[in-house]
Amino acid sequence: MLGQMMQRDLSIVEILKFAAENHSDSEVVSLRTEGNIHRYNYRDCLVRVCKLANALLDLGVKKGDRVATLAWNGYRHLELYYAISGVGAICHTINPRLSAEQMLYIIEHAGDSVLFVDTTFVPIIEQLAPKLPKNLVVVVMAETASMSNFSNRYLCYETLISKSSQNIIWPDLPENSAAGLCYTSGTTGNPKGALYSHRSTVLHALTLSLNMGRYLGHGMKVLPVVPLFHVNAWGLPYGAPLTGTSLVFPGSNLDGASLYKLIDNERVNSAWGVPTVWLGLLEEIRKQHRAPSQFQNVVIGGSAAPKSMIEEFEELGITVCHAWGMTEMSPIGTQGFLPQSMNKLLSPGEQISKKCYQGRRVFGVDLKIIDEKGNSLPHDGKASGELHVRGNAIISGYYNNEQATEEAFDEEGWFGTGDIASITSDGFLNIQDRAKDLIKSGGEWISSIDIENIVMGHPKVANCAVIAVSHPKWEERPLLVVVSNGKNRVTKKEIDDLLLEHIAQWQLPDAIEFLDALPLTATGKVSKLTLREKFANYKLA
Ligand code: ADP
């Protein structure tokens, strides 16, 4: 027997309409590439989104068309998220840090018909111009007055908005209609597309609001350092309006000093991003001898949050939520809030150790770990295997990529993450490594994340990474790459002494190399691929 309830299609633009009605005093504050602050509320945002949607229709954008963006975090980019999906088109966010070759590949693969570009990225488009599809319409996200700086082949964002009506009847769209497209950063092979739907996006926003809700809410301000051009800024463009949280966008200014100033001036409560950006913020906090006022929480994900980073934030009174997810998961999979009842039972040291885990699953995400034969392993904190996931905001295939799709799912239809993990009996996920980053030493595995986590705690280390280098006897051995903190280089003995407090002798890195900075991927994580290439012929003594 079926239930007798209405079936209303879930629709992304409904989130902003709700925010405009219920949270009209919550703001969207943007540090613009022009250098000044722009602010308006969700009601103003909706008015401009309606105008932009009409402008898109006037440009000939139809349901199912892919409309690309190449932009920083700011109000215009947010408007595009809602207007594009609202008219039934697909918002394809392009990561400006991809190589020219990868960018051309995804523009062609996605079949984009219109491209919205921030002024700072116009030079990228000029460089790609000869190879871009001939009929691609390019719109520069700028004021009418500044268009004289650009080729007259380009349209102007503000001109389009100013000419358009705010009256719109949003089309009814089946909730499974595609709404967003984001390509993985392609650390191996060509980038692969995750095609989000209205349904998956709204369900993810609800999950985020529920499970990460203590960092969001009316009167709160959240700063997504995580970019709108990668995995929907972890869902904040939807979760923030839904909960009435004000959004503070940093534009292109992601260094520690700029973030500190913005967080302090705007009284931001929570900021979300990858560990590398927090290294910069912590350095600035040390310089200023105080945390930004009202700053209560950081959400750290994208790669493992080092223990020393979690400790430093917590000592400042800024709680850390360590989260894990993937482009293919919209992206949130787990989050590390510790409930009061658990905190009470744990010493401060044990609480930090618990926060080094990647947290527990959010509602709607199922986790399992499997061995090489595909058997499920127990969640006992000991057994480790490949992590597989399923849920309503997880891809069911890659966009137009049969081969990648075939390889990604197991027989039961779960998605294989490529991460090696264990899960504790109380549900905490412990990511040991990406399968391709594990170091295979004489038939045993060494976790690069474990070593990095410990080494990051040494005062002479500013940043580090561990990679596998080939070894004639053991097949692979760990090489530690260090960026020094200050002039004095850490010695091998100092590192070994520290590591031996936590790991076995045979897991110690065989050597240390020093670099001025670690190479980063397009999503701001340490690029182990680049390091492996750099040290491909490394000879261990
Ligand atoms: P990309 O492949 O473009 O870097 P993703 O952002 O989708 O894109 O990366 C997802 C991967 O990042 C995960 O599979 C995992 O390996 C890693 N990751 C994400 N969050 C964490 C975390 N908190 N700890 C360890 N690894 C993480």
Side-chain angles (χ1 to χ4, degrees), residues 93-99 102 106 181-194 196 204 212 224-235 272-278 298-307 309-310 320-337 354-362 365 367 369 384 386-389 393-395 398 404 408 415-423 428-438 447-453 456 465-466 519-530:
T93 50
I94 301 177
N95 185 336
R97 297 187 190 124
L98 291 176
S99 66
Q102 286 177 325
I106 64 171
L181 177 62
C182 177
Y183 283 78
T184 60
S185 59
T187 35
T188 47
N190 272 327
K192 295 173 282 190
Y196 312 112
H204 185 266
M212 314 281 278
V225 183
V226 46
L228 288 166
F229 59 67
H230 189 64
V231 244
N232 313 313
W234 296 353
W272 300 26
V274 295
T276 32
V277 297
W278 305 129
V298 276
V299 175
I300 309 180
S303 40
K307 186 176 185 190
M309 178 178 285
I310 299 177
V320 170
C321 172
H322 189 185
W324 166 88
M326 298 184 79
T327 306
E328 289 88 340
M329 299 176 70
S330 296
I332 307 283
T334 61
Q335 64 87 28
F337 170 74
K354 205 85 177 171
K355 288 197 174 204
C356 290
Y357 291 143
Q358 279 75 6
R360 296 197 275 193
R361 69 188 180 102
V362 295
V365 170
L367 309 173
I369 40 172
S384 78
E386 199 202 342
L387 177 63
H388 283 223
V389 291
I394 296 173
I395 59 163
Y398 285 105
F415 174 73
T417 64
D419 285 340
I420 305 298
S422 60
I423 300 174
F428 281 83
L429 180 67
N430 182 10
I431 300 277
Q432 274 135 20
D433 234 328
R434 282 193 163 189
K436 57 181 185 290
D437 292 338
L438 270 175
S447 154
S448 62
I449 291 184
D450 279 355
I451 302 178
E452 289 159 6
N453 210 342
M456 281 299 282
V466 174
L520 299 182
T521 68
T523 49
K525 309 179 193 184
V526 174
S527 173
K528 298 227 171 151
L529 185 71
T530 314

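Index from 1, following the sequence. As the structure lists them, so they are numbered: ligands from 1, and atoms in each ligand from 1.
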For [X] versus [Y], what's the shortest heavy-atom pair and its separation?
| X | Y | value |
| --- | --- | --- |
| Leu520 | Ser527 | C-CB, 3.9 Å |
| Ile369 | Ala421 | CG2-O, 3.5 Å |
| Thr327 | Ala194 | O-CB, 4.0 Å |

Mind checking the [atom1]-[atom2] spacing from [X] to [Y]? Nearest 0.5 Å is all I need.
| X | Y | atom1 | atom2 | answer |
| --- | --- | --- | --- | --- |
| Asn232 | His204 | CG | NE2 | 7.5 Å |
| Leu429 | His322 | CG | NE2 | 9.0 Å |
| His388 | Leu367 | NE2 | CG | 12.0 Å |
| Asp450 | Ile431 | CG | CD1 | 12.0 Å |
| Lys525 | Ser303 | NZ | OG | 6.0 Å |

Any N or O of [X] that comes nearer than 3.5 Å to an N or O of ligand 1?
| X | value |
| --- | --- |
| Asp419 | yes |
| Thr184 | no |
| Ala304 | yes |

For ligand 1, which atoms, with element, lie under 4.0 Å from some heavy atom of [X]?
| X | answer |
| --- | --- |
| His322 | 22 (C), 23 (N), 24 (N) |
| His230 | 3 (O), 6 (O), 8 (O) |
| Gln358 | 22 (C), 23 (N), 24 (N), 25 (C) |
| Trp324 | 13 (C), 15 (C), 18 (N), 19 (C), 20 (N), 21 (C), 27 (C) |
| Lys525 | 4 (O), 5 (P), 6 (O), 8 (O), 9 (O), 10 (C), 11 (C), 12 (O) |

Margin query: Tell me the nearest of Gly301, Gly302, Ala421, Gly524 to atom 18 (N) of ligand 1, using heavy-atom distances.
Written below: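 Nearest heavy atom to atom 18 (N) of ligand 1 lies in Gly302.
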Margin query: Contact between ligand 1 and Thr523 is defined here as a heavy atom of the residue under 4.0 Å from a ligand atom; is it met?
Written below: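 Yes; Thr523 lies near enough to ligand 1 that a heavy-atom distance drops under 4.0 Å.
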Notebook entry, point to check: Could a heavy atom of Gly418 be found less than 4.0 Å from some atom of ligand 1?
Noted result: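 Contact absent.
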Is it the side chain (CB and beyond), the backbone, both or neither of [X] that lies under 4.0 Å from ligand 1, heavy atoms counted?
| X | answer |
| --- | --- |
| Met326 | both |
| Thr327 | both |
| Ala323 | backbone |

Notebook entry, point to check: Would you call the rings of Tyr398 and Phe415 parallel, tilted or perpendicular, where under 30° means parallel and over 60° means perpendicular?
Noted result: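 The rings of Tyr398 and Phe415 stand perpendicular, inter-plane angle above 60°.
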